[in-house]
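One is the number of the first residue; the rest follow in order along the sequence. Because only heavy atoms are used, hydrogens play no part in the values below, and waters and symmetry mates are left out as well, while side chains stay in.
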Amino acid sequence: MNNSKIRVGIIGTGGWARYGHIPALQSLSDFEIVALAGRNKEKVEKYAAQFNISQAYGSPEALLANPDIDLIVVLAPTPEHGRLAKAVIEAGKDVYSEWPLSTTTTESEEILAMASDKGVKHIVGLQRRFSPSSRYWHDLIKQGYVGKIRAVRMSVGVDAFGEVMPEFAKWAVDVGNFTELLSIYGGHFHDMLFKGVGFPQQLSAVIKNQFPITTIAETGEKIPYTGPNEVMIIGSLANDALFSVQLEGGQTLRTGLQIDITGTESVLRITNTRGFQNEDDNLIQGMRNGVEQFVDLPVPAEYTYLPVSHLDASSQDVAYLYSAYARDKLSETSEVTTFEDAVRQHRLIDLITESSERFFR
């Protein structure tokens, strides 16, 4: 074992671990995955062998007891995030929790306080802001490309959280598990958007469930579902700018991502045909100086500095987040998304939900 590397233990063997985290970490020279844990020991051992991970544990507790791990990554289902993040903090190790940090704002605030008191570094998996395209258009905004922002419009459309769900996702039907359109896609895309244009100063929202019955694809079982699959938000940013956001789940024909940022000098447009599992990074286009059509703004090479081009863009985003953590460890900077960012997203979701509830009283 090369102790100059950051030694990582992963809790969870789901698709996001195998598609996103493990390939991203194994592409980075600063990291070494030394252990994998999950509830099914046989499954853990299978994936450990597949990815050449030396240690496989049948419980998170066994991995937590390993003294030769620097960073523990929590990739279990959402209802387990809070409990496991607390356990990692108690063990005195740096912790990466997938978003959402927990199922409630109150618990996430408690976890943030625990991590701060313990002095461990903490990361939340809000990785979209780290993509090369996001970092580039964020810099374009800072450099004044659009001038003073007048309006921001974002639309996100996905097939998830609709009339039919796969058996493996049945647990998400329980809204108490905080795994729904607004919490998952809202959390990720709001973080990326508002990192670039500034956080909302006021907002109004309408949340709707348009598919109150969900059918489990494999069994035909029909389950009442109360989570939102349509969200509309309007509000204001700094300097009199306005914004609107539409989140739409359960799409038969996916519309993906569309963002328009209009300003006094020009317009930026950011698009992608998909909302998740993106093969390619977002396309950035601009229109300025009297030109009446959008032109492509290719992401400069300095934004794509990692050797991860063989991965899908969604996995590359994770690699760039881990790379920021490695720099933070080395230089005491603070680039990563932390539990503070997680709490901020929890509170934003609360405001959106409360606004919609007031609207329909």
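Distance alone, capped at 3.5 Å, is enough to place a donor-acceptor pair between the N209 side chain and the G227 backbone. One N or O on the side chain of D328 and one on the backbone of E335 form a donor-acceptor pair closer than 3.5 Å. Not one N or O on the side chain of H81 forms a donor-acceptor pair closer than 3.5 Å with the backbone of S102. Of the possible donor and acceptor atoms, one in the side chain of S108 sits under 3.5 Å from a partner among the backbone N and O of T104. In terms of modelled atom types and a separation under 3.5 Å, the side chain of S27 and the main chain of P23 share a donor-acceptor contact. With hydrogens and angles ignored, the 3.5 Å screen pairs a side-chain donor or acceptor of S355 with a backbone N or O of A205. The main-chain N or O of K121 is found under 3.5 Å from a side-chain atom of D94 such that the two form a donor-acceptor pair. Using modelled atom types, one side-chain atom of T304 and one backbone atom of A301 make a donor-acceptor pair closer than 3.5 Å.
The same ILVMFWY cluster, assembled from side-chain heavy atoms under 4.5 Å apart, contains both V299 and L268. When the side chains of ILVMFWY residues are joined at heavy-atom separations under 4.5 Å, either directly or via intervening members, V336 and Y305 end up in a single hydrophobic cluster. Residues I234 and M154 do not share a hydrophobic cluster, defined by chaining ILVMFWY side chains whose heavy atoms lie under 4.5 Å apart. Residues I259 and F199 fall within the same hydrophobic cluster, defined by Ile, Leu, Val, Met, Phe, Trp and Tyr side chains chained together at heavy-atom separations under 4.5 Å. In this structure, I207 is not a member of the same hydrophobic cluster as V175, with clusters built from ILVMFWY side-chain heavy atoms closer than 4.5 Å.
More than 12 heavy atoms of other residues, nucleotides or ligands sit less than 6.0 Å from atom CD of E167. Counting heavy-atom neighbours within 6.0 Å of R39 CZ, excluding the residue itself, gives a total of 12 or less. More than 12 heavy atoms of other residues, nucleotides or ligands sit less than 6.0 Å from atom CD of Q143. The environment of NZ in K93 is crowded: more than 12 heavy-atom neighbours from other residues, nucleotides or ligands sit within 6.0 Å.
Judged purely by distance below 3.5 Å, without hydrogens or angles, the side chains of T255 and Q251 pair a donor atom with an acceptor atom. Defined by atom type and a distance below 3.5 Å, a donor-acceptor pair is present between the side-chain atoms of S133 and S131. With no hydrogens or angles considered, no side-chain donor-acceptor pair links Q210 and E163 at under 3.5 Å. Inspection of the K222 and T215 side chains reveals an N or O donor paired with an N or O acceptor under 3.5 Å. No hydrogens or angles considered: nothing links the side chains of W99 and Q345 as a donor-acceptor pair under 3.5 Å. Between R327 and S323, the side chains place a donor N or O and an acceptor N or O closer than 3.5 Å (distance only, hydrogens not considered). For Q285 and D296, the side-chain atoms include at least one donor-acceptor pair closer than 3.5 Å. Under 3.5 Å, the side chains of N278 and S314 contain a donor-acceptor pair of N or O atoms. Side-chain contact of N66 with Q55: a donor-acceptor pair under 3.5 Å is present, judged by distance alone. For the 3.5 Å distance criterion, the side chains of H21 and Y322 qualify, holding a donor opposite an acceptor. A donor-acceptor contact closer than 3.5 angstrom is absent between the side chains of D139 and Y145.
L101 approaches A85 most closely through the heavy-atom pair CD1-CB, 4.4 Å. The heavy-atom pair separating S315 from G20 by the smallest distance is OG-CA, 3.7 Å. Pairing each heavy atom of Q26 with each of I33, the nearest pair is CG-CD1, 3.9 Å. Pairing each heavy atom of L203 with each of F243, the nearest pair is CB-CZ, 4.2 Å. The shortest heavy-atom contact between G58 and K41 is N-CD, 3.3 Å.
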Take L321 and V318, measure what side chain to side chain contact (heavy atoms under 4.5 Å, CB included) needs, and give me the verdict at the end. CA-CA 5 Å; L321 173 50; V318 178; 5.6 Å; no
Would M192 and Q127 count as a side chain to side chain contact (heavy atoms under 4.5 Å, CB included) here? Give the steps. CA-CA 8 Å; M192 179 268 289; Q127 71 279 350; over 6 Å; no
Pair V267-F294, side chain to side chain contact (heavy atoms under 4.5 Å, CB included): steps then yes or no: CA-CA 9 Å; V267 183; F294 283 101; 3.9 Å; yes
Step by step, work out the side-chain hydrogen bond (donor to acceptor under 3.5 Å, both in side chains) result for E230 and Q246. CA-CA 8 Å; E230 192 78 54; Q246 178 190 18; 3.1 Å; yes
Side chain to side chain contact (heavy atoms under 4.5 Å, CB included) evaluation trace for V173 with Y225: CA-CA 6 Å; V173 175; Y225 183 56; 3.7 Å; yes
Passes salt bridge (Lys or Arg N to Asp or Glu O under 4.0 Å), K46 versus E42? Steps please. CA-CA 6 Å; K46 172 186 174 182; E42 183 178 348; over 6 Å; no
Run the numbers on Y303 and W137 for ring-ring contact (aromatic ring centres under 6.0 Å, His included), then give the verdict. CA-CA 11 Å; Y303 290 87; W137 77 255; over 10 Å; no
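Salt bridge status for R274 with E279: absent, with no side-chain N to carboxylate O gap under 4.0 Å. Ionic pairing of R83 and E61 is present here: one or more N-O contacts between side-chain nitrogen and carboxylate oxygen are shorter than 4.0 angstrom. The pair K148-E265 does not count as a salt bridge, with every side-chain nitrogen at least 4.0 angstrom from each carboxylate oxygen.
F161 has its ring centre no less than 6.0 Å from the ring centre of F211. In summary, the aromatic rings of F339 and H346 are positioned with their centroids too far apart to meet the 6.0 Å limit.
In this structure, I123 CD1 and S97 OG are separated by 10.5 Å, a value rounded to the nearest 0.5 Å. We find the OG1-CG distance between T78 and L75 to be 11.0 Å, quoted to the nearest 0.5 Å. Considering CG of L84 and CG of L63, their distance stands at 10.0 Å, rounded to 0.5 Å. Atoms CG and CZ, on L25 and F31 in that order, are 6.0 Å from each other to the nearest 0.5 Å. How far CD of E354 is from CD1 of I349: 12.0 Å, rounded to the nearest 0.5 Å. Annotation: the span from I53 atom CD1 to I10 atom CD1 amounts to 5.5 Å, rounded to 0.5 Å.
By the 4.5 Å heavy-atom criterion applied to side chains, K86 and E110 are counted as neighbours. Residues R269 and M287 have side chains not in contact (no heavy-atom distance under 4.5 Å, counting atoms from C-beta outward).
Applying side chain to side chain donor-acceptor pair (under 3.5 Å) to D191 and the options R344, R128, R129 leaves one that passes, R129. Applying the salt bridge (charged side-chain N to carboxylate O under 4.0 Å, His left out) test between D70 and each of K329, R7, K5 identifies R7 as the sole match.
Relative to the ring axis of F51, R18 does not place its NZ or CZ within 45° and under 6.0 Å from the centre.
In this pair, W16 and Y19 present their aromatic rings tilted. The plane angle is within the 30 to 60° band.
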